[in-house]
Amino acid sequence: MTVFVDGIYSKECSLNTSALAKLLNENRQKGEQARNVDIYRNVRMECTQKNEKDRLCITMSTGDLDRDNEKIDQSGWVLDGYKKNPVILWSHDRNIPAIGYMENIILGKTLQGEMIFNDREFDPFGWGIGQRLLKGSLNCGSVGFRVIEAEVVNHSVNPDEKADLIFRKQELLEFSVCNVPANPYAEVIRTARSGEEKSLYEFLKKGGYRLN
């Protein structure tokens with residue numbers, strides 16, 4: 001987990017969930033965060049190739065307990081802004097142009113999408129990242145989001161809850177390809193290969209995901 005507070009990297013909050021929980025508690029006003037808190041959370045990512053253009057169908061986020069003893073409430077995703085600018089970055093680097101974009105974002109029990117990477121002709125680097133994902137040498141992605149509402153779990157009141165911190169409402173800012181995962185629960189999504197190739201979008205939609 002990587003945490004920025006008002007645009008400044010916070011080493012303490014990045015390495016210590018308790019410090020992050022304290023920050024979120026202290027800056028909560030009317031249920032929302034008064035300061036700008038951006039968090040980057042990794043997920044394991046695998047992919048499949050689709051018809052005429054390389055498309056990687058990925059799990060962007062899940063609601064599972066991760067290695068930091070935190071959860072993201074999947075019903076709390078705010079996606080309107082990201083859908084207008086669905087950039088894919090390399091390791092959250094906003095100083096270089098996007099290496100691709102996301103299509104067919106679907107929200108259900110998990111957050112899903114299709115990644116399309118830049119063409120080799122004008123962006124060999126971005127194209128190469130996509131090829132690494134297709135070949136399996138890269139398997140991880142990371143959501144970058146702004147915290148809107150968060151719950152610091154009171155274990156004396158709710159002893160069955162394993163998480164220390166639950167993000168209840170968050171705005172998706174960008175999605176990145178990166179090297180190391182924090183959330184081990186995102187799984188591969190593959191379409192059936194028998195007969196005609198089916199749209200990954202339709203595959204997910206039939207699985208009960210909600211189109212946003």
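Bear in mind that the values here come from a model prediction, so they are computed numbers and not experimental data. Hydrogens, waters and symmetry mates are skipped; everything else that's a heavy atom, side chains included, is used.
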Please report the interatomic distance [atom1]([X]) to [atom2]([Y]), rounded to the nearest 0.5 Å.
| X | Y | atom1 | atom2 | value |
| --- | --- | --- | --- | --- |
| Leu172 | Phe145 | CG | CZ | 9.5 Å |
| Lys22 | Asn25 | NZ | CG | 10.5 Å |
| Ile166 | Ile72 | CD1 | CD1 | 11.5 Å |
| Asn104 | Ile116 | CG | CD1 | 7.5 Å |
| Ile99 | Phe125 | CD1 | CZ | 6.0 Å |
| Phe117 | Ile129 | CZ | CD1 | 7.5 Å |

Does any N or O in the side chain of [X] come within less than 3.5 Å of the main-chain N or O of [Y], such that one atom is a donor and the other an acceptor?
| X | Y | value |
| --- | --- | --- |
| Gln74 | Thr62 | yes |
| Glu32 | Val147 | no |
| Asp123 | Gly126 | yes |
| Arg28 | Leu24 | no |

Besides Ile148, the hydrophobic cluster formed by Ile, Leu, Val, Met, Phe, Trp and Tyr side chains linked at under 4.5 Å, directly or via other members, contains Val78
Under a side-chain separation threshold of 4.5 Å, the hydrophobic residues clustered together with Ile8 are none
Does any non-hydrogen side-chain atom of [Y] lie less than 4.5 Å from one of [X]?
| X | Y | answer |
| --- | --- | --- |
| Arg94 | Leu89 | yes |
| Gln112 | Ile58 | no |
| Glu103 | Pro86 | no |
| Leu133 | Val177 | yes |
| Leu111 | Leu79 | yes |
| Leu165 | Glu151 | no |
| Leu20 | Ile39 | yes |

Over all heavy atoms of both residues, which pair between [X] and [Y] is shortest? Give the atoms and the distance, please.
| X | Y | result |
| --- | --- | --- |
| Asp164 | His155 | OD1-NE2, 2.9 Å |
| Val3 | Cys13 | CG2-O, 3.8 Å |
| Asn118 | Ala98 | ND2-O, 3.0 Å |
| Val143 | Met60 | CG1-O, 3.2 Å |
| Gly141 | Phe175 | CA-CZ, 3.7 Å |
| Tyr82 | Ile88 | OH-CG1, 4.5 Å |

Handout entry: Single-linkage hydrophobic cluster, 4.5 Å side-chain cutoff, Val152 and Val5 together
Key = yes
Query raised in the report: Going only through I, L, V, M, F, W and Y residues with side-chain contacts under 4.5 Å, is there a path from Met102 to Trp77?
Result: yes
Sorted by chain and number, sequence neighbours left out, salt bridge (charged side-chain N to carboxylate O under 4.0 Å, His left out) with Glu161 holds for Lys71
Residues Lys83, Ile105; criterion side-chain contact (heavy atoms from CB on, under 4.5 Å); working and verdict
CA-CA 8 Å; Lys83 288 169 63 178; Ile105 301 167; 4.0 Å; yes
Is there a salt bridge (Lys or Arg N to Asp or Glu O under 4.0 Å) between Glu171 and Arg146? Walk through the geometry before answering.
CA-CA 5 Å; Glu171 179 188 9; Arg146 178 178 66 89; 3.0 Å; yes
inquiry  = Whether the Asn27 and Gln33 side chains hold a donor-acceptor pair (N or O, under 3.5 Å, no angle test) is what I'd like checked.
reply    = no
Please evaluate residues Ser91 and Asp93 with respect to the criterion side-chain hydrogen bond (donor to acceptor under 3.5 Å, both in side chains), reporting the C-alpha separation (whole Å), side-chain torsions for both, the decisive distance (0.1 Å), and the verdict. CA-CA 5 Å; Ser91 287; Asp93 190 344; over 6 Å; no
message = Could you check whether atom CZ of Arg120 has more than 12 heavy atoms from other residues, nucleotides or ligands sitting under 6.0 Å from it?
response = no
